[in-house]
Amino acid sequence: MAAERALPSPLAHYDPADLLDALATGIVVLDAQLCVIYANVAAQHLLAMSFNLARGRPYADLFAESNGMIATLKRARDEGDIFSEREVTVRPQATPRESRVLDITITPLEGQMTGTHLLVELSDETQRTRLTRESEQRARLEGSRMMTRQLAHEIKNPLGGLRGAAQLLERQLADPAQREYTTVIINEADRLTALVDTMAGPMRAPQRLPMNVHEICEHVYHLLRAEARSAVVVDRDYDPSVPEGPFDRNQVVQALLNIARNALQAVGDRGHITLRTRVLGNAHIGLERHRLAVRIDVEDDGPGVPETIRGSLFYPLVTGRANGTGLGLAVAQEIITRNGGAIEFRSEPGRTVFSILLPLESGESQP
Ligand SMILES: Nc1ncnc2c1ncn2[C@@H]1O[C@H](COP(=O)(O)OP(=O)(O)O)[C@@H](O)[C@H]1O
Ligand SMILES: [Mg+2]
């Protein structure tokens, strides 16, 4: 052990251990065998383990998953260099289901008689990375929405010209049998225009009126019942305590219907779909926190969202179906975002849940 040194005078009245415990950064000191000889309070929180339990344990045993951190520790010890790694996802042994994102700095402490010790700084970035990822995702979606709108605009103008020209041509045709061709042009132009209109999303600003969300759900439920095959069961599981909220009825119906129709298509000839509502207190929607929000779930027991499109599901034109347009979710997302909400989904074979989150009152931005 190095000789005890007094702290520089402004700090002379403090116990070094108290100072370390006051840090928000987790500090762990390891011996040459990478066993814990010290952990401050922040580190004990991060690892969900008291110092008494952690003391003497191999550092590797503190994690269910440490994502290469142990190899980095060995390199720092063997090469005597400082190593820093950002955004390492780990799962502490004590809470193996909960992953945390850490920025890690490892500093070798030379001159130990028992070999090189390591000072490990663990800074918890879990919350920050989650928020950054979400806002990056939002920025990408926003970019793709803008591109879609521009593209839609560029396509619509010449389409109008094309349709007009076909109509003029139709009048000039001597042989009525040839009208078949102009009809094809006009119909296809109309189909493309409708497609492009959907793609560009609803341009109308939401007009929110107070109403119960179940009025919207019931409307969608009845449409769904009418469209469902006979062996498809549609259930309702409403939370009667959901208070009224300001909703743009038509827009929310459209979004919910797009999601519900996907569920119908996913289950095919037979299956189970549940429309569920829940009231949420203190809900995070995007970067805002709302005291009250409602969650509308559409759950189905179909095969689940194909693995290959999970990351891009909400982009326009992304589809997993042979005759899909890939617009349903893009439009739903656009609508719900405009209404201050968000759409989330979880999917595994046999259980897929798409959730619409909508605020029931205005939120407060997070710092
Ligand atoms: N409930 C669901 N179960 C399985 N896959 C789904 C579900 N909802 C959406 N998907 C997948 O997402 C794709 C995109 O959906 P969407 O944007 O509505 O476009 P489309 O329905 O025209 O394909 C679907 O083609 C499907 O592969
Ligand atoms: Mg769809």
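One-based numbering, in listed order, for ligands and for the atoms of each. Excluded from the calculations below are hydrogen atoms, water molecules and symmetry mates; all remaining heavy atoms, backbone and side chain alike, are included.
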From [atom], work out which of [options] has a heavy atom at the shortest distance.
atom	options	answer
atom 1 (N) of ligand 1	Leu317, Leu264, Asp300	Asp300
atom 3 (N) of ligand 1	Ala266, Gly320, Gly324	Ala266
atom 23 (O) of ligand 1	Thr319, Ile273, Asn323	Thr319

Mark up the atoms of ligand 1 that fall under 4.0 Å of a heavy atom belonging to Ile309, in ascending order.
->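 With Ile309 as reference, the close atoms of ligand 1 come out as 12 (O), 13 (C), 27 (O).
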Number the atoms of ligand 1 from 1 as they appear, then name those within less than 4.0 Å of a heavy atom of Val318, with their elements.
->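 Matching atoms, with element in brackets: 14 (C).
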Do [X] and [Y] belong to the same hydrophobic cluster, where Ile, Leu, Val, Met, Phe, Trp and Tyr are linked whenever their side-chain heavy atoms lie under 4.5 Å apart, directly or via other members?
X	Y	answer
Val267	Val353	no
Val294	Leu357	no
Phe314	Leu358	yes
Ile309	Leu329	yes
Val88	Ile27	no

Which residue supplies the protein heavy atom nearest to [atom], what is that atom called, and how far is it?
atom	result
atom 17 (O) of ligand 1	Leu329 N, 2.8 Å
atom 9 (C) of ligand 1	Asn262 ND2, 3.5 Å
atom 6 (C) of ligand 1	Val305 CG2, 3.8 Å
atom 19 (O) of ligand 1	Gly326 CA, 3.2 Å
atom 21 (O) of ligand 1	Arg321 NH2, 2.8 Å
atom 12 (O) of ligand 1	Leu313 CD1, 3.2 Å
atom 7 (C) of ligand 1	Phe354 CE1, 3.8 Å

Are Leu192 and Ile155 side-chain neighbours, meaning at least one heavy-atom pair lies under 4.5 Å?
->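 When only atoms from C-beta onward are counted, Ile155 and Leu192 do not touch, as no gap falls below 4.5 Å.
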If the plane angle is over 60° it's perpendicular, under 30° parallel, otherwise tilted; pick one for Tyr238 and His214.
->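 Parallel: the ring planes of Tyr238 and His214 meet at under 30°.
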Quick one: does Gly302 get a heavy atom under 4.0 Å from ligand 1?
->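 For ligand 1, residue contact (heavy atoms, under 4.0 Å) with Gly302 is absent.
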Check if Asn258 has a non-hydrogen atom at a distance under 4.0 Å from any atom of ligand 1.
->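 Per 4.0 Å heavy-atom rule, Asn258 does not contact ligand 1.
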Kindly give the heavy-atom pair with the smallest separation between Asn339 and Arg208, and that separation in Å.
->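 Heavy atoms only, the tightest pair is O-NH1, 3.7 Å.
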Where Asp239 and Arg278 come nearest, the two heavy atoms and their spacing =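 In terms of heavy atoms, the two residues are closest at OD2-CA, 3.7 Å.
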Check Phe314 against ligand 1 and report side chain, backbone, both or neither, counting heavy atoms closer than 4.0 Å.
->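 No part of Phe314 comes within reach of ligand 1.
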For ligand 1, does Pro306 get within less than 4.0 Å through its side chain, its backbone, both, or neither, judged by non-hydrogen atoms?
->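 The answer is the side chain of Pro306.
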Can you check whether Thr325 has an N/O within less than 3.5 Å of an N/O in ligand 1?
->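 It does: an N or O of Thr325 is found under 3.5 Å from an N or O of ligand 1.
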For Ala330 and ligand 1, does the shortest N/O to N/O distance drop below 3.5 Å?
->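 Not met; the criterion fails.
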Any N/O/S atom of Thr325 sitting less than 2.8 Å from the Mg ion (ligand 2), backbone or side chain?
->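 No.
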Hey, mind stepping through Ile186 and Glu170 against side-chain contact (heavy atoms from CB on, under 4.5 Å) and telling me if it holds?
-> CA-CA 10 Å; Ile186 292 168; Glu170 193 169 59; 4.0 Å; yes
Ignoring hydrogens and angles, tell me if any N or O in the side chain of Asp297 forms a donor-acceptor pair with the backbone of Arg276 under 3.5 Å.
->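 Absent.
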Worked check of side-chain contact (heavy atoms from CB on, under 4.5 Å) between Glu227 and Arg261 | CA-CA 9 Å; Glu227 290 177 22; Arg261 284 201 169 121; 2.7 Å; yes
